Amino acid sequence: MSSDMDGTMLLGVEGIKKTILYGGTAEMPRFITGTKVTFHFRTQLCDDDRTVIDDSKVAGVPMEVVIGNMFKLEIWETLLTSMRIGEVAEFWCDVTHTGLYPLVAKSLRRIAEGKDPVDWHIHSCGMANMFAYHTLGYDDLDQLQKEPQPLYFVLELVKVQQPSEYDRESWALNDEERLKAVPLLHGQGNKLYKQGRYQDATNKYKEAIVCIKNIQHKEKAWEAPWLKLEKMGNMLTLNYCQCLLRMEEYYEVIEHTSDIINQHPGEMKAFYVRGKAHIEVWNEAEARADFERVLDLDPGMKKAVKKDLGVLNMRMEEKNEEDKVKYKGMF
């Protein structure tokens, strides 16, 4: 079958019609689990005007999916794997294939607006929580959510990379690979921390945390496998916070450690790291309370805490001196 054949080509999947608008080059690419596909997409309603809902070219960034990675709009995988490099094709898809589109589009729009990091949640099952909201924050998507309808997807296949040809990001790994990646990332983070490369270290810790969360949400909360992952996640978060302390992001440290403490009130290290952050922002009472908690949980920390309380006293004295100078002119 020649690739420039016009007219409709059925994909052999119910409820999809394909029309090639521009023939691609060479033979069919090899699509296997882990293949990364880069493409542009335009989504249109099936009305008289063919109203455009989304267009990645307007956003300026092509879309990427990894085959076999449970991308939420599974039908796109089916469509893309029927294409050649450089091909532009139009697919009519009926309602059975387009129901999830509004949710996926919300994520893609937020990423294009810079509101969401390009993060694992569009590639994972974390979307169930979006059903909790009555509005997606975009009128046209709310409308589609209320009345699902067939859509046209115009796709342009830009690039196909085999798993060995690109740096596989953590969301492209399966659970077994993810678990293996965690200690490696952890070790790389520690090394970077020791070299004083705190920003780089945070990226490693963050990637490891994402791997853990990704596996964890498939486990039953508070059961043994979940708790084991939780422990690993907390440890990495505290390492991450150590970097933030060095980067003087004290309020963010307080936020992350408080999250851990709310869930696990016996986590000594979280109190210790939070206490250090409180010192730096002159929260004297909070710092003292955190260090007391540290000693309750682990009396062996006495020496370290004594040192930190010394720093606290020094910080408070400095602040009082500054305040005196500041207010002197006022009276």
Side-chain angles (χ1 to χ4, degrees), residues 33-34 66 68-72 74 103 107 116-117 119-132 163 168-193 201-245 252-277 289-301 304-305:
T33 298
V66 173
N69 199 47
M70 290 277 309
F71 179 71
K72 270 282 120 336
E74 263 168 71
L103 289 177
S107 273
D116 272 358
D119 210 345
W120 51 276
H121 64 243
I122 28 170
H123 303 276
S124 76
C125 315
M127 298 198 74
N129 56 4
M130 291 173 94
F131 289 106
R168 294 173 75 188
E169 295 157 57
S170 53
W171 51 260
L173 308 175
N174 63 35
D175 287 351
E176 204 180 323
E177 290 173 311
R178 278 198 185 110
L179 261 183
K180 280 199 193 110
V182 169
L184 293 175
L185 291 163
H186 192 168
Q188 289 169 338
N190 291 355
K191 209 163 151 188
L192 290 162
Y193 179 83
T202 59
N203 293 336
K204 294 293 178 191
Y205 292 140
K206 225 193 268 178
E207 207 181 327
I209 292 164
V210 166
C211 283
I212 287 171
K213 294 263 179 254
N214 233 322
I215 310 166
Q216 194 181 14
H217 76 253
K218 295 173 192 165
E219 299 287 356
K220 249 187 126 142
W222 300 99
E223 286 187 0
W226 185 92
L227 278 168
K228 200 175 152 192
L229 291 162
E230 180 79 350
K231 220 177 151 136
M232 286 160 72
N234 287 344
M235 193 161 74
L236 284 156
T237 303
L238 290 168
N239 284 13
Y240 176 68
C241 286
Q242 296 277 14
C243 293
L244 293 177
L245 279 177
E252 204 187 320
V253 172
I254 292 168
E255 201 181 314
H256 288 305
T257 44
S258 300
D259 281 348
I260 293 178
I261 287 164
N262 291 338
Q263 290 267 6
H264 308 277
E267 187 59 76
M268 180 277 292
K269 247 182 152 168
F271 284 104
Y272 185 64
V273 174
R274 187 170 75 174
K276 279 178 166 308
D290 277 349
F291 289 129
E292 258 170 51
R293 236 8 235 121
V294 168
L295 293 178
D296 288 344
L297 291 164
D298 182 358
M301 288 292 286
V305 165

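Owing to the predicted nature of the structure, the values given are computational and were not obtained by experimental measurement. Only this structure's heavy atoms are used, side chains among them; waters, hydrogens and symmetry mates stay out.
The two atoms that bring R293 and P265 nearest to each other are NH2-O, 3.5 Å, heavy atoms only. The minimum heavy-atom distance between I209 and G233, with the atom names listed, is CG1-O, 4.4 Å. Closest of all the heavy-atom pairs between A304 and Y272 is CB-OH, 3.7 Å. Nearest heavy atoms, C211 versus R178: O-CD, 3.7 Å. Heavy-atom minimum distance, I260 versus A270: CG2-CB, 4.0 Å. Considering every non-hydrogen atom in both G275 and D290, the closest pair reads N-OD2, 3.5 Å.
No option in L236, L185, V210, L192 other than L236 meets the side chain to side chain contact (heavy atoms under 4.5 Å, CB included) test with Y205. Considering K213, Q216, Q263 in turn, Q216 is the only one that fulfils the side-chain hydrogen bond (donor to acceptor under 3.5 Å, both in side chains) rule with E230.
Using a 4.5 Å heavy-atom threshold, the side chains of R274 and H256 count as separate. A heavy-atom distance below 4.5 Å is not found between the side chains of K204 and K206. When side chains are defined from C-beta on, T257 does not count as touching T237, because their heavy atoms never get closer than 4.5 Å.
In this structure, L244 CG and E252 CD are separated by 5.0 Å, a value rounded to the nearest 0.5 Å. For the atom pair NE2 of H217 and CD1 of I212, the computed distance is 14.0 Å after rounding to the nearest 0.5 Å. With values rounded to the nearest 0.5 angstrom, N190 atom CG is found 10.5 Å from Q242 atom CD. Residue L227 holds its CG atom at 9.0 Å from CD of E223, rounded to the nearest 0.5 Å.
The aromatic rings of H264 and W222 are tilted relative to each other, their planes meeting at an angle between 30° and 60°.
Side-chain contact of Y240 with N203: a donor-acceptor pair under 3.5 Å is absent, judged by distance alone.
Residues that satisfy the salt bridge (charged side-chain N to carboxylate O under 4.0 Å, His left out) test with D298, not counting sequence neighbours, are absent from this structure.
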